[in-house]
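Nothing here was measured: the structure is a model prediction, and the numbers come from that model. Numbered from 1 within each chain, the chains take letters A, B, ... in sequence-line order. The figures that follow rest on heavy atoms only: side chains count, while hydrogens, waters and symmetry mates do not.
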Protein chains: 2
Amino acid sequence: MKRNDLNDGDGTALPTNAARLGTRLRLARQTRGLTLKALADEAHCSESLLSKIENGKASPSLPMLHKLVKVLGTNIGWMFEEADGEEGIVFRAGTRPLISLDPLRRGEGISLERIIPYSPGHLLQCNIHHVEEDGESAGPIEHVGEEVGYVIAGEIELIVGDEVFRLNPGDAFVFKSELPHHYRNVGKGRASIFWVNTPPTF
Amino acid sequence: MKRNDLNDGDGTALPTNAARLGTRLRLARQTRGLTLKALADEAHCSESLLSKIENGKASPSLPMLHKLVKVLGTNIGWMFEEADGEEGIVFRAGTRPLISLDPLRRGEGISLERIIPYSPGHLLQCNIHHVEEDGESAGPIEHVGEEVGYVIAGEIELIVGDEVFRLNPGDAFVFKSELPHHYRNVGKGRASIFWVNTPPTF
DNA sequence: ACATTTCATTCAAGTCTCTTGACAAAAATT
DNA sequence: AATTTTTGTCAAGAGACTTGAATGAAATGT
C-alpha cells in the first residue's frame, strides 16, 4: 500500500498534527535563517527527512525530534503548545525560554529570551537579546517590517544601513527592517536589549 | 579592468544607491510573490540582469527601470523616496519628548515618553509609560492589534480582561489590544514600562 | 574621426535549496 | 515469527537565483 499522507488506523487522514508540527518546525528553522542542509548537518540527519517532516509526509521519531528542537533552541513542548486563545499574558523574569544563537551561525555570544512564545497569529515578535561581552550578531539581515528596541543594560554598537550608533542603557531605536542591520557588544560584561519587531517571515 | 561593484569616477565605491534601489526592487518583487524569471518575462529582460540589479551589481537603464516599475505596479519615484530613515533611528535617554496624559483625561499621574515619533507609515507605536506613585490609567480601552511591554522599574498592577497581574521589573506581557486593559502603580515611587503596540488606527 | 573605456544586457553554466521516489532497516502490529 | 508501517538514507531532479564571459552601444579621450 502506498500513501502520500500519514493517517491513523481507521483510514481518516490526519495531516493535521503532523503538518502542524512540520509547519512549526519549518517556521522555527526559517526564523533562524537556517537551510534544510544546515539544520540537517547540525542535527545529523538528512535534508530529505527534514523536508518530509516539514511537509507532513513523515513524522520524526522522538529521538529525532529531540535533536531537532535542541539545535533549534526550543523544547518539544513548544512544538505542541496549543495556539488558541488561552495563552499567557504575563511572562515573568527568569521563567522565559532561552534560545542560543551560537550554534546557528546567526551571531556569536547571543541568546534570545523569548517574550512572545512561538505561536502563529501574533502580530509582533519580541525577545530580549542577551549579548555576551564581544558578542556580535551575524551579517546584516533585511526583511520587511519595522523594529524597535530598548537597551536594558550594557553598551552596544548598532549598525543600521551605513550609520553606526553607540547605545547605553535607556537608549532606544527604531528602524525599518529592510535596512540592513546588525549589532555588537562593545562594553564590559553582558548587554541586554528588549527588542520588538513585526513578523520576520510573512 | 574588472570590478565587483559599481563606483563613481574617482574610484570610490558607491554600492549604496544602487544597492538601495536593488533592495527596493527585490522587496517589491517578493511582496508580489514573483520569481526573477516571472518578472523577467513580464518585463522582457533576462533573469540575470534582474539578479544583478537587485544585488547592486548593475543599475538599470531608465527605459529598463520604467518597464520594471510598470510591471510591479509602482512608480519610479517610490523607488527613490528617501527612506523615512531620515527621521532618526536612535533616541537617547533623556532627549525624548514627554507627553502628559492627565490633560487628556487618559490617566492620572501618567506621562508618555515617545520613542517612535508620530509619523504615518510606522507599523509600530512605542512609548515608555511613566506612572507616578498611585498613578492609574483611565478606563479600559479596546482597539485592534497587539501589545507587548516590559517593566523597567517600579511595581504595577496590570488588568487585562478579567485577569489581574502584579508586575515587577523584568516582567513582560503580551495581549491582544481588543481585550480591555488598564494599569496602575501599586509600588513606592515612579514606575516605568516600555510599551509597544501596533497602531490603533488601521 | 578613431580608438578606448564603460557598462547595461544576454546566454549559458553553475550553485544552492528544497522535493520526490526507491530502497534499507527498524519498529510496531498481527 | 511473519507482516505491515514507517523512520530514515541516498540519489536524482526541479526551481530559484548567481556568476562569468561575450556583445554591443554609448560615452570619453586623443
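- Rounding to whole angstrom units, CG of residue A/L50 and P of C/dT17 are separated by 14 Å.
- Rounded to whole angstrom, the span from the CG atom of A/D41 across to the P atom of C/dC16 amounts to 13 Å.
- Remark: P of C/dT19 and NZ of A/K37 are 16 Å apart, rounded to the nearest angstrom.
- A side-chain donor-acceptor contact under 3.5 Å links A/S177 and A/E147.
- Distance A/K67 NZ to D/dT7 P: 15 Å, rounded to the nearest Å.
- The pair A/R96-A/E113 meets the salt-bridge criterion, with a side-chain N (NZ, NE, NH1 or NH2) lying under 4.0 Å from an Asp/Glu carboxylate O.
- In this structure, B/E54 places its CD atom 15 Å from P of C/dA8, rounding to the nearest Å.
- Ring geometry for A/W195 versus A/H129: interplanar angle under 30°, hence parallel rather than tilted (30 to 60°).
- Computed from coordinates, the B/L36 CG to C/dT9 P distance equals 15 Å when rounded to whole Å.
- Heavy atoms only, all atoms of each residue included: B/V174 and A/I115 are closest at CG2-O, 4.1 Å.
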Every protein N/O within reach of nucleotides 8-15 of chain D N/O, cut-off under 3.5 Å:
| from | atom 1 | to | atom 2 | distance (Å) |
| --- | --- | --- | --- | --- |
| D/dG8 | OP1 | A/S61 | OG | 2.4 |
| D/dG8 | OP2 | A/S61 | N | 3.2 |
| D/dT9 | OP2 | A/S46 | N | 3.0 |
| D/dT9 | OP2 | A/S46 | OG | 2.9 |
| D/dT9 | O4 | A/K52 | NZ | 2.8 |
| D/dC10 | N4 | A/S48 | OG | 2.7 |

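- The listed nucleotides are C/dC18, D/dT18, C/dT19; the one nearest the side chain of A/R29 is C/dC18.
- Taking 4.5 Å as the limit, some side-chain heavy atom of B/L72 sits within range of a side-chain heavy atom of B/L25.
- Residue B/N55 places no side-chain N or O under 4.0 Å from the OP1 or OP2 atom of D/dC17.
- No donor-acceptor pair under 3.5 Å is formed between the side chain of B/S192 and the backbone N or O of B/A153.
- Atom P of nucleotide C/dC16 and atom CG of A/L39 are separated by 18 Å, given to the nearest angstrom.
- Considering only side-chain N and O atoms, B/R26 lies nowhere under 4.0 angstrom from the phosphate OP1 or OP2 of D/dA16.
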